[in-house]
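Here is the structure we will look at.
Labels below follow one simple rule: chain letters A, B, ... track the order of the sequence lines, proteins then strands, and each chain is numbered from 1.
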Protein chains: 2
Amino acid sequence: MGDLEYMIDPEPIEALKLINHRKTTHVLLIYGEMVASYEGRAKSQLEELMPRLIISKPDGTFMVHESSKREPRLWNPPPSSLYASIEQGILTIRSVRANPREVVIVEVPIIRFISALRLGTTVNYRVFGREEDVVNAIVNNPNIIEEGLQVVAKEYHTLVGDIDILARDSRGNLVVIECKRSQAGPEAVHQLKRYVEHLSQRENGTVRGILAAPSISSAAYHYLKLYSLEYRRVEPKWVV
Amino acid sequence: MGDLEYMIDPEPIEALKLINHRKTTHVLLIYGEMVASYEGRAKSQLEELMPRLIISKPDGTFMVHESSKREPRLWNPPPSSLYASIEQGILTIRSVRANPREVVIVEVPIIRFISALRLGTTVNYRVFGREEDVVNAIVNNPNIIEEGLQVVAKEYHTLVGDIDILARDSRGNLVVIECKRSQAGPEAVHQLKRYVEHLSQRENGTVRGILAAPSISSAAYHYLKLYSLEYRRVEPKWVV
DNA sequence: GCCTAGGTCCCGTCG
DNA sequence: CGACGGGGCCTAGGC
């Protein structure tokens with residue numbers, strides 16, 4: 001199968017040929033000593049020549065990785081375009097993103113290894129335990145929040161943002177429920193407060209606000225109480 | 001130099017030896033057909049056997065990449081621990097993160113390629129054009145916001161969050177300045193409104209709020225006007 | 001160690 | 001196409 005090509009210590013011209021031949025169909029790995037620069041939404045430089053790893057994907061993903069961290073040191077997200085050339089005998093790679101315009105330029109005076117791989121893509125990929133799963137769990141069984149709760153709307157749009165769940169309690173009070181898949185912080189409380197204040201303007205009775213999350217930070221809980229909002233512990237349980 | 005080791009179509013036992021020998025010092029690349037699963041803060045599975053690329057770094061970074069997107073399909077951020085073994089003749093790799101506990105398990109029945117590389121790490125890395133750069137530009141020359149503005153504090157901590165810049169205008173009014181490095185959205189306006197409301201409670205005079213950003217979305221501008229806040233265009237210029 | 005806020009965030013979704 | 005908000009966000013800095 002032509003799904004793995006590689007060269008050890010290639011001449012720049014040989015590396016260039018492989019890149020141009022495979023860049024739109026294969027994932028390219030380039031290992032060598034290099035310097036690089038980025039300019040676009042921000043700007044930075046890797047001036048020191050040292051061993052780094054370039055990863056290029058056929059969708060235009062471009063990354064320069066170093067020895068630590070999950071994040072690449074420099075990158076362009078897809079869709080970007082790759083242009084390789086040899087300048088003064090040095091393999092030079094340009095990744096250009098159109099909108100916003102961003103350019104990463106890498107010079108690789110020492111190429112230790114280059115490879116072209118064919119990778120697959122998982123279809124119908126699904127992550128369990130997102131915020132949406134918490135929302136659905138509550139909509140399907142509002143009692144996990146409170147007895148007698150009746151869901152009025154899901155993803156209710158307002159001028160100040162979208163409310164995850166709008167409901168009425170057993171006394172007929174409007175209830176705003178803000179859901180989080182992980183620990184709620186101060187921002188979640190401020191969001192909830194904003195929705196409650198907004199709805200209070202055009203509702204005669206009390207409007208309650210409930211933050212539904214697996215946990216809440218202490219500062220967030222402090223604000224919550226200050227604003228007379230409520231917290232309900234809700235685990236983002238996923239089906240086994 | 002012992003900075004590049006590789007094997008093509010290795011036996012699982014040979015791959016295992018390389019992994020265990022180099023996992024704490026080198027970046028490992030493993031290309032082959034694999035299935036994988038993740039469980040931790042959320043949960044997901046890659047059930048279909050297909051070619052993927054594993055990248056493991058000595059700090060514990062672990063990634064499973066597919067043919068598109070900048071983000072790995074599965075991963076563990078550093079610090080995580082790597083455990084490799086052979087189970088029923090199949091190379092099996094476990095990446096375990098302690099806190100929060102998260103586990104990625106990859107089975108590689110077909111190993112096409114494995115490599116160990118030594119990469120460097122840039123020291124004193126700096127990105128220009130961050131929010132902090134905008135803040136400093138204003139602190140150094142408040143006139144770019146408004147004539148006669150006097151900066152009172154930078155990173156002023158309040159109960160409802162940190163204010164980028166606190167100042168007084170030429171009439172002695174308190175001014176809250178919220179800075180953004182790129183286009184401001186509704187959240188930035190809500191943030192600013194929160195700070196202004198908070199300070200208004202303990203200030204006799206008017207408290208003004210200014211959003212400083214290179215641009216602002218139309219929806220955000222709408223809120224801004226609604227709340228009687230102000231917008232100043234400020235570019236995150238970096239030195240050439 | 002937890003918490004908080006920023007990011008060249010990336011990314012999907014919806015207008 | 002831009003805009004908006006979620007994310008297994010990741011990462012640095014404070015406490």
* Validate the cation-pi geometry between A:R126 and A:F128: distance from NZ or CZ to the six-membered ring centre under 6.0 Å, angle to the ring axis within 45°. => yes
* **Positions of residues 65-79 of chain A (non-hydrogen atom under 4.0 Å from DNA chain D), listed by number** => A:K69, A:R70, A:E71
* Taking the nucleotide of DNA chain D with the closest heavy atom to each, which residue, A:E131 or B:S218, is nearer the 5' end? -> B:S218
* Compare side-chain N and O positions of A:S217 against OP1 and OP2 of C:dT4 and report whether any pair is under 4.0 Å apart. => yes
* **Whole angstrom value for the distance that separates C1' of C:dA5 from NE2 of B:H157** => 11 Å
* Asked: With both distances under 3.5 Å as the test, what is the Watson-Crick or G-U wobble partner of D:dG8?
  -> none
* What interatomic distance, in whole Å, is found between P of D:dC4 and the corresponding atom of D:dG8? -> 22 Å
* Salt bridge check: are A:E71 and A:K69 linked by an N-O gap of less than 4.0 Å? -> no
* To the nearest Å, how far apart are A:Y156 OH and D:dG5 C1'? -> 19 Å
* What is the nucleic acid contact for A:Q183, judged by heavy atoms within less than 4.0 Å: base, sugar-phosphate only, or nothing? -> sugar-phosphate
* For A:R101, does the CZ atom sit with more than 12 other heavy atoms under 6.0 Å from it, leaving out its own atoms? -> no
* For B:Y125, which contact category applies under a 4.0 Å heavy-atom criterion: base, sugar-phosphate, or nothing? -> base
* **Flag side-chain contact, heavy atom, 4.5 Å: B:Y31 against A:R118** => yes
* To do: Would you kindly say whether A:S85 and A:T92 are connected by a side-chain donor-acceptor distance under 3.5 Å?
  => no
* Consider only side-chain N and O atoms of A:Y38 and A:Q45, and report whether a donor and an acceptor are under 3.5 Å apart. => no
* To do: Could you tell me the separation between the NZ atom of A:K180 and the P atom of D:dC9, rounded to a whole number of Å?
  => 11 Å
* Asked: How close or far is atom C1' of C:dT8 from atom CZ of B:F128, stated in whole angstroms?
  -> 14 Å
* Asked: B:Q45 CD to D:dG8 C1': how many Å, rounded?
  -> 15 Å
* Structure fact -> Looking only at D:dC10, C:dC9, D:dG7, the nucleotide nearest the B:R41 side chain is D:dC10
* To do: On DNA chain C, check which nucleotide each of B:S182 and A:I216 is closest to and give me the residue with the more 5' one.
  => A:I216
* A:P186 near the nucleic acid: base, sugar-phosphate alone, or nothing, with a heavy-atom cut-off under 4.0 Å? -> sugar-phosphate
* Distance in angstrom units between A:D164 CG and D:dG6 P, rounded -> 7 Å
* May I ask you to verify if any side-chain N or O of B:R101 is less than 4.0 angstrom from the OP1 or OP2 atom of D:dG8? => no
* Asked: Quick one: B:Y221 OH to D:dA3 C1', roughly how many Å, whole number?
  -> 18 Å
* More than 12 heavy atoms from other groups under 6.0 Å of CD on A:E235 -> yes
* Rounded P spacing from C:dT8 to C:dT4 in Å -> 22 Å
* Asked: Out of C:dT8, C:dG1, D:dG8, which nucleotide sits closest to the side chain of B:N99?
  -> C:dG1
* Check the distance between C:dT8's C1' and A:M63's CE and give it to me in whole angstrom. => 15 Å
* To do: Taking atom OH of B:Y227 as the centre, report whether more than 12 heavy atoms of other residues, nucleotides or ligands fall under 6.0 Å from it.
  => yes
* To do: May I ask you to verify if any side-chain N or O of A:R181 is less than 4.0 angstrom from the OP1 or OP2 atom of D:dC9?
  => yes
